[in-house]
Protein chains: 2
Amino acid sequence: MDISVLHNSILFKGFDDTEISELMKALNAAEKKYNKGAMIFSSGEITDKLCFVTAGSVTVESNDMWGNRTILNLVGKGQFFAESYALLPDVPMLVDVCAAEDCTVVFLSMKSLADLNDTIRARLLANLLTITTRKNLHLSSRSFHTAPRQVRGRIMAYLNTISVQKHSREFDIPFDRQQLADYLNVERSVLSNELSKMQRDGLIRCRKNHFEII
Amino acid sequence: MDISVLHNSILFKGFDDTEISELMKALNAAEKKYNKGAMIFSSGEITDKLCFVTAGSVTVESNDMWGNRTILNLVGKGQFFAESYALLPDVPMLVDVCAAEDCTVVFLSMKSLADLNDTIRARLLANLLTITTRKNLHLSSRSFHTAPRQVRGRIMAYLNTISVQKHSREFDIPFDRQQLADYLNVERSVLSNELSKMQRDGLIRCRKNHFEII
DNA sequence: GAAAGTATGTTGTAATTACAACATTTCAGG
DNA sequence: CCTGAAATGTTGTAATTACAACATACTTTC
């Protein structure tokens, strides 16, 4: 198991190596590998597992019965997912989680939180609060990216956010075209088309997932 | 100050009256009234205040420079808002918060959390975790409501959620037409039009904010 | 209960998007 | 360096939406 990624995670911030090892045991840490495209959770499932990506990435998405996909979030190496469902173990998942590429996930049982001593649990809860709070901001930012009614507006909203995050007008995005389309809630072909127009209009330059705002 | 609403809130779950009074002091509880339409927070502001609605309701929204509004969430009596920004006090708000109707808000300083004794703080953090986690699910559900590409799909997705929540095919929604349009990210006139068509098609019946799914 | 103001419904047209079908490019194995 | 598979780009048409303008209904206030 890849310890270093977990040791640097928000969840274990402030814990030393010994404590982390004990916690991993107490929380029944289990690692599992998935191939690209594999489904990790399906809508309707119930889980108490806090999930941590130690390699690769997964998408949190909603798939309707006509095969339309909406990507709510892309969770990369070093990030958590399913924390809301893990902490509210009665609530069935509203989303699917899929491997966006070959990946490795560590599962931590939140049911076992109750067995921990108060001090440890309190520190862990404080860290969990940071995780959920940041996830809130992430979900909010998607709302801004999909708020503009037109495709160009959505693309610009998204690219702006990334540009600010990376402190640069030039950057890579974590999505391929289909994923970006599903994230922005537009047709892939319309997205491709609009990106071409934006390049012709001199707004951006892009090649694959590398973008430059002009 | 309306004590009873606060006493029944998630935040103070498990605390007795004396403890709550002390906490209110320790967290510098301050109450403020707003008229409908008043702005409570503006995008870009920084705050450490956890906000609680004791009367009326507020909308969490994003307003772009062309006057387009997107409603992310409607926060009613007994619910919290701004918790993410209160707990991550470096992050400037991405949203505006406005009074959806005349309302009363209680502000609690999260900066003051640090001064509490460990036991109390731990209990409070656990409750805060519930608040943020539920808020996560709320934000997710909006994503499902706006996921369908067409207006009718969005309306049905939204009405279905409310119907399930209220365990009934007949219910009131908390939005007027303009708010529902801004929540579903569609034009108000298109929404009105589609609701009419859906009634003609025998899918629903509605009058003002009272709906029935057939 | 009239008037003014607000909310909701209707309609037409211009603009945009969805969708399908196909062309081109890129990439991984053999 | 081929070949097939996957990803991306292009195009045309039908369907949908945005927007503006106006009609109607409902509320509030005097």
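Hydrogens, waters and symmetry mates play no part in the numbers below; they use all other heavy atoms, side chains included. Letters A, B, ... are given to chains in the order of the sequence lines, protein chains preceding strands, and every chain is numbered from 1.
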- Donor-acceptor pair between N209(A) and D172(A) side chains, under 3.5 angstrom: no
- Message: Considering every strand and a 4.0 Å limit on heavy-atom distances, what is the contact class for N193(A): base, sugar-phosphate, or nothing?
- Response: base
- Query: If only atom types and distance count, is the side chain of D64(B) paired as donor or acceptor with the main-chain N or O of G67(B) below 3.5 Å?
  - Reply: yes
- Could you tell me the separation between the CZ atom of F144(A) and the OG atom of S43(B), rounded to the nearest 0.5 Å? 7.5 Å
- For the side chain of R177(A) and the backbone of K208(A), is there at least one donor-acceptor N/O pair under 3.5 Å apart? yes
- Query: Taking the side chain from S192(A) and the backbone from S189(A), do they hold a donor-acceptor pair closer than 3.5 Å?
  - Reply: no
- Message: Expressed as a whole number of angstroms, how long is the span from L195(B):CG to dG9(C):P?
- Response: 7 Å
- Closest-nucleotide ordering on DNA chain D, the 5'-leading residue of V190(B) and L191(A): L191(A)
- Query: Do any N or O atoms from the side chain of R154(A) and from the backbone of L184(A) form a donor-acceptor pair under 3.5 angstrom?
  - Reply: yes
- Task: Output yes when a side-chain donor or acceptor of D48(A) lies under 3.5 Å from a complementary backbone atom of P89(A), and no otherwise.
- Result: no
- Terminal contacting nucleotides, 5' and 3', DNA chain D versus chain B (heavy atom, 4.0 Å): dT16(D) to dC26(D)
- Select base, sugar-phosphate, or nothing to describe what S192(B) touches, counting heavy atoms under 4.0 Å on all strands. base
- Message: Rounded to whole Å, please give me the gap between NE2 in H210(B) and P in dT8(C).
- Response: 16 Å
- Let me know, please, whether V186(A) or R177(B) comes out on the 5' side of the other along DNA chain C by nearest nucleotide. R177(B)
- Item | Nucleotide-resolved protein contact map, nucleotides 22-30 of chain C, B/S/- at heavy-atom distance under 4.0 Å | ----SS---
- Task: Look at the aromatic rings of Y34(B) and F107(B) and report parallel, tilted or perpendicular, splitting at 30° and 60°.
- Result: perpendicular
- Query: Using a cut-off of 4.0 Å on non-hydrogen atoms, how would the nucleic acid contact of K36(A) be classed: base, sugar-phosphate, or nothing?
  - Reply: sugar-phosphate
